[in-house]
A.B. asks: 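Got a structure here, written out as structure tokens. Questions coming.
What you see is a predicted model, and the numbers here were worked out from it, not measured in a lab.
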Amino acid sequence: MSFLVDSFIVFVSQILFFAFGWVFFLKQLFKNYEVHQLVVIVSFSITFSLSCTMFELIIFEIIDFLDSSSRYFHWMLELIAMLLAVIVVLPFYIAYFIVGNIKMVSQKPYTRTGLTFGIWFAFVYLFWKIGDPFPIHSPKHGIFSMEQCIGRVGVVGVTLMALLSGFGAVNYPYTSMFVFLRNVTASDIQALEKRLMQSMDMIVMKKKRIAQAKRDMNLRAGTTNVTSSNTNSSGIWGMMKSFTSTRTSSTENISALKEEAEALEELSRQLFLESVDLHNMQERIHESKTLKGKYFNFLGYFFSGYCIWKIFMATINIVFDRVGKKDPITRGIEIAVVYLGIQFDVKFWMQHISFLLVGIIVITSIRGLLITLTKFFYAIASNKSSSIIVLALAQIMGMYFVSSVLLMRMNMPLEYRSIITEVLGDLQFNFYHRWFDVIFLVSALSSIGFLYIAHKQAPEKHFDRY
């Protein structure tokens, strides 16, 4: 294919990825919020498009689609664009919206722009200092080389990947296996909802008493003013003294009632969350009896075994400072041919198995990250902070996918990773795999401890109080 045809194919795919990111933003991520800034949705969609295009180029490497020179050009173009997005564009707009949300700061254009540049320079300085403790690049590279940027983005992205992978490897078996289900009956839910309704009734009563106390205080104040106008000086002193004592008493009562109402509102929030947890657990119990529930239970046992194996291998790699020299595909074919004596077309099957494995990794990575971003956004977003959070998630997404390419390189045979290695530069690839193992191990063990404590306390939390 000619360079123009290759570029057209890549450009069309980028438009499709951009459109998918736009639709996901409006229909899923931002469906409960109003879009006030077009730059937010454009930045998110462009970052998503660049991320998917990098994965597309990996698949093109495996199936040898497009000319080699065209693939190299678009690899460089996508990587430079992604680095500009996650280091320059997205942090700048995040700082711009942060300054805009600070009420005490003047919103004049010069002031806002100056503060935005100040925050952005602070971010760049901290971002650059992140790489100093890590052996992420060769000393021969200049301070402004691409390797310097990719190395620092890789540290942040690999850390995020390892944290999410460690928690996901532990949390999925916990949420899908029958053995961790707690027995929840209808009487448990009814008792909790009864307490919730009682607390709501008490909140209504407290607020009625607050409103009545304020009304009585206002009536007393009006009566006192009318009476005081018809008395002499000594009478005025007596009426002022009586009014002061009455007002102080009413104020104290209102303050006490407000504190009691706030405490009851906090209790009602906790009871409501516990009610939601019990309803979810009851739905899981009903679902566990279906074919779908049994399927997910099987997957839970499978991934629990994978989690144990992954923790064991990460520990071995850390203790013995070991990094895999061969990708899983080459190693599996070597075992089949050399040790089992199976004869087949090695090149043909290596290409197809690599395509299948990378395709699975790409799909699961994109799907998993989008689900995680959606849950995280719904948990912390508000009308004022939603734009900032979306831009921050877009920056995290860009770093995550750059790091995915960096780590995915090890899962590809040598003949398919040559251009990727050339584009990424002379990085210390072994360091990133060791760093992933360390963070994954810490994340997985921490998640096991947290879920163990939560599971042990949950029955007491939900049932023992009744």
Side-chain angles (χ1 to χ4, degrees), residues 10-58 74 77-101 112 116 119-120 123-124 127 149-150 152-154 156-161 163-164 362-406:
V10 175
F11 180 70
V12 170
S13 64
Q14 286 180 324
I15 293 177
L16 295 176
F17 294 141
F18 180 87
F20 181 83
W22 188 290
V23 172
F24 173 80
F25 181 93
L26 293 177
K27 300 298 183 181
Q28 187 66 32
L29 194 63
F30 233 64
K31 62 181 180 181
N32 297 325
Y33 298 89
E34 184 179 356
V35 181
H36 297 286
Q37 300 292 339
L38 183 62
V39 68
V40 175
I41 184 172
V42 172
S43 299
F44 180 88
S45 301
I46 289 176
T47 306
F48 180 80
S49 176
L50 293 173
S51 303
C52 293
T53 304
M54 287 194 296
F55 282 143
E56 179 187 52
L57 291 173
I58 291 178
H74 287 289
L77 183 63
E78 301 300 323
L79 201 56
I80 292 172
M82 181 63 81
L83 292 177
L84 287 174
V86 300
I87 300 175
V88 179
V89 178
L90 293 173
F92 180 84
Y93 278 115
I94 291 172
Y96 183 80
F97 286 116
I98 288 175
V99 174
N101 284 344
R112 188 173 181 179
T116 300
I119 296 175
W120 180 76
F123 162 79
V124 172
F127 174 77
C149 297
I150 297 175
R152 284 161 173 79
V153 170
V156 178
V158 169
T159 303
L160 292 172
M161 287 184 63
L163 288 172
L164 293 175
V362 168
I363 294 173
T364 55
S365 296
I366 294 174
R367 178 181 178 275
L369 184 64
L370 291 179
I371 292 174
T372 303
L373 292 181
T374 303
K375 291 180 179 178
F376 185 76
F377 178 78
Y378 286 159
I380 66 174
S382 64
N383 289 328
K384 292 184 178 180
S385 64
S386 56
S387 296
I388 299 173
I389 295 172
V390 168
L391 291 173
L393 293 180
Q395 186 181 20
I396 292 173
M397 178 174 62
M399 292 184 176
Y400 180 94
F401 283 126
V402 170
S403 303
S404 298
V405 172
L406 196 152

A.B. asks: Applying side-chain hydrogen bond (donor to acceptor under 3.5 Å, both in side chains), which residue pairs with at least one partner in residues 45-54 are found, sequence neighbours left out?
C.D. replies: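 Passing the test, one end in residues 45-54: no pairs.
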A.B. asks: Side chains of Tyr93 and Val40: closer than 4.5 Å at any heavy-atom pair?
C.D. replies: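 No - every pair of side-chain heavy atoms lies 4.5 Å or more apart.
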A.B. asks: How would you list, by chain and number, every residue that makes a side chain to side chain contact (heavy atoms under 4.5 Å, CB included) with Leu79, sequence neighbours excluded?
C.D. replies: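 Only Met54, Met146, Ile150, Val423, Leu424 meet the side chain to side chain contact (heavy atoms under 4.5 Å, CB included) criterion with Leu79.
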A.B. asks: Tell me, please, which residues at least two apart from Ile15 pass side chain to side chain contact (heavy atoms under 4.5 Å, CB included).
C.D. replies: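 Once residues adjacent in sequence are excluded, the partners of Ile15 under the side chain to side chain contact (heavy atoms under 4.5 Å, CB included) criterion are Phe11.
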A.B. asks: Write out all pairs satisfying side-chain hydrogen bond (donor to acceptor under 3.5 Å, both in side chains) with one or both partners inside residues 78-92, taking only residues at least two apart or from two chains.
C.D. replies: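 side-chain hydrogen bond (donor to acceptor under 3.5 Å, both in side chains) check on residues 78-92 returns Gln14-Glu78.
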A.B. asks: Just jot down the side chain to side chain contact (heavy atoms under 4.5 Å, CB included) partners of Val153, sequence neighbours excluded, or say none.
C.D. replies: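 Only Leu83, Val86, Ile87, Phe127, Met399, Val402 meet the side chain to side chain contact (heavy atoms under 4.5 Å, CB included) criterion with Val153.
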A.B. asks: Please name all residues satisfying side-chain hydrogen bond (donor to acceptor under 3.5 Å, both in side chains) with Ser43, sequence neighbours left out, ordered by chain then number.
C.D. replies: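 Scan of Ser43 (side-chain hydrogen bond (donor to acceptor under 3.5 Å, both in side chains), adjacent residues dropped) gives none.
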A.B. asks: Which residues satisfy the ring pair (Phe, Tyr, Trp, His ring centres under 6.0 Å) test with Trp22, sequence neighbours excluded?
C.D. replies: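 Result, ring pair (Phe, Tyr, Trp, His ring centres under 6.0 Å) vs Trp22: Phe18.
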A.B. asks: Using a 4.5 Å cut-off on heavy atoms from C-beta on, say whether the side chain of Val405 contacts that of Phe55.
C.D. replies: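 Yes. Closest side-chain heavy atoms under 4.5 Å.
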A.B. asks: Kindly give the heavy-atom pair with the smallest separation between Leu90 and Ala394, and that separation in Å.
C.D. replies: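 Heavy atoms of Leu90 and Ala394 come nearest at CD1-C, 3.8 Å.
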A.B. asks: Specify the closest pair of heavy atoms between Phe123 and Gln395, including all atoms of both residues, with the distance to one decimal.
C.D. replies: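 Heavy-atom minimum between the residues: CZ-NE2, 3.3 Å.
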A.B. asks: How long is the gap from CE on Met397 to CG on Leu160, to the nearest 0.5 Å?
C.D. replies: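 With rounding to 0.5 Å, CE (Met397) is 13.0 Å from CG (Leu160).
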A.B. asks: Partners of Ala392 by side chain to side chain contact (heavy atoms under 4.5 Å, CB included), sequence neighbours excluded?
C.D. replies: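 Expected list: Ile94.
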A.B. asks: Are there more than 12 heavy atoms of other residues, nucleotides or ligands under 6.0 Å from atom CZ of Phe97?
C.D. replies: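 Correct, the count exceeds 12.
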A.B. asks: Give me the atom names and distance for the closest heavy-atom approach of Pro91 to Ala85.
C.D. replies: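 So the two residues come closest at CD-O, 3.7 Å.
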A.B. asks: Taking atom CD1 of Ile46 and atom CD1 of Ile41, what is their separation to the nearest 0.5 Å?
C.D. replies: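 Reported value, rounded in 0.5 Å steps: 11.0 Å.
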A.B. asks: How would you list, by chain and number, every residue that makes a ring pair (Phe, Tyr, Trp, His ring centres under 6.0 Å) with Phe92, sequence neighbours excluded?
C.D. replies: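 Scan of Phe92 (ring pair (Phe, Tyr, Trp, His ring centres under 6.0 Å), adjacent residues dropped) gives Phe117.
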